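Predicted model, so just to flag it, every value in this text is computed and none were measured.
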Amino acid sequence: ARSPRLSPDGNRVAYLTPGGYNGVDGTPAVINTDGTNNTALSSLTLSPGIAWSPDGAYLLGRNSDYGTGTGLRLIRISDRATVMLRFHGSNGSYEDYFQPDWR
């Protein structure tokens, strides 16, 4: 597992399963700290450095799926819905963010 992050309540761990085209990225998953309920959140590829929302309802990571462009990917844990967040830079291109944090 890569990039493990303990949930705000301390009951779950989010991590990336190895995969992706560059050898360091992975697909997001969540597991209870007692080892139960190991759940893949999507087949999306994220870069290392994921973050929990303060309420533990979402994960945030840098999208690194080939062909979909860079941006932040927000994943709702309850139903695995995802949204891509992109931010325009001053030169009109998209900004690229690594290791996002909610703070």
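Taking CG of Leu46 as the start and OG1 of Thr82 as the end, the distance is 9.5 Å to the nearest 0.5 Å. Interatomic distance, Leu72 CG to Leu85 CG, rounded to the nearest 0.5 Å: 6.0 Å. Note that OH of Tyr15 is 12.0 Å distant from CG of Leu59, once rounded to the nearest 0.5 Å. Distance check, rounded to the nearest 0.5 Å: CG of Asp9 to OG1 of Thr33 gives 8.5 Å. We find the OG-CZ distance between Ser64 and Arg73 to be 10.0 Å, quoted to the nearest 0.5 Å. The distance from the CG atom of Asp25 to the OG1 atom of Thr45 is 6.5 Å, given to the nearest 0.5 Å.
Residues Ala29 and Asn38 come closest through the heavy atom pair CB-OD1, 4.4 Å. Nearest heavy-atom pair across Ser42 and Leu44 is OG-N, 3.0 Å. The minimum heavy-atom distance between Arg2 and Pro18, with the atom names listed, is NH1-CA, 3.1 Å.
Looking only at atom types and distance, the side chain of Ser7 has no donor-acceptor partner in the side chain of Asn11 under 3.5 Å away. A side-chain donor-acceptor contact under 3.5 Å links Thr17 and Thr27.
Note on Trp52: it clusters hydrophobically with Leu16, by side-chain heavy-atom contacts below 4.5 Å among ILVMFWY residues. There is a path of hydrophobic side-chain contacts, each under 4.5 Å, that joins Val83 to Leu60.
Judged by distance alone, with hydrogens and angles left aside, the side-chain atoms of Ser3 form no donor-acceptor pair with the main-chain N or O of Pro48 at under 3.5 Å.
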Verdict with reasoning, Thr39 to Arg80, per side chain to side chain contact (heavy atoms under 4.5 Å, CB included):
CA-CA 10 Å; Thr39 305; Arg80 301 180 200 133; 3.2 Å; yes
Would Ile31 and Arg12 satisfy side chain to side chain contact (heavy atoms under 4.5 Å, CB included), going step by step from the backbone distance to the final call?
CA-CA 6 Å; Ile31 189 169; Arg12 297 175 291 172; over 6 Å; no
Before giving the answer on side chain to side chain contact (heavy atoms under 4.5 Å, CB included), spell out for Ile77 and Tyr58 the whole-Å C-alpha distance, their side-chain angles and the decisive distance to 0.1 Å.
CA-CA 5 Å; Ile77 304 294; Tyr58 298 90; 5.7 Å; no
Let's go through Val13 and Val30 carefully: what are the C-alpha distance in whole Å and the side-chain angles of both, what is the deciding distance for side chain to side chain contact (heavy atoms under 4.5 Å, CB included) to 0.1 Å, and is it a yes or a no?
CA-CA 6 Å; Val13 176; Val30 174; over 6 Å; no
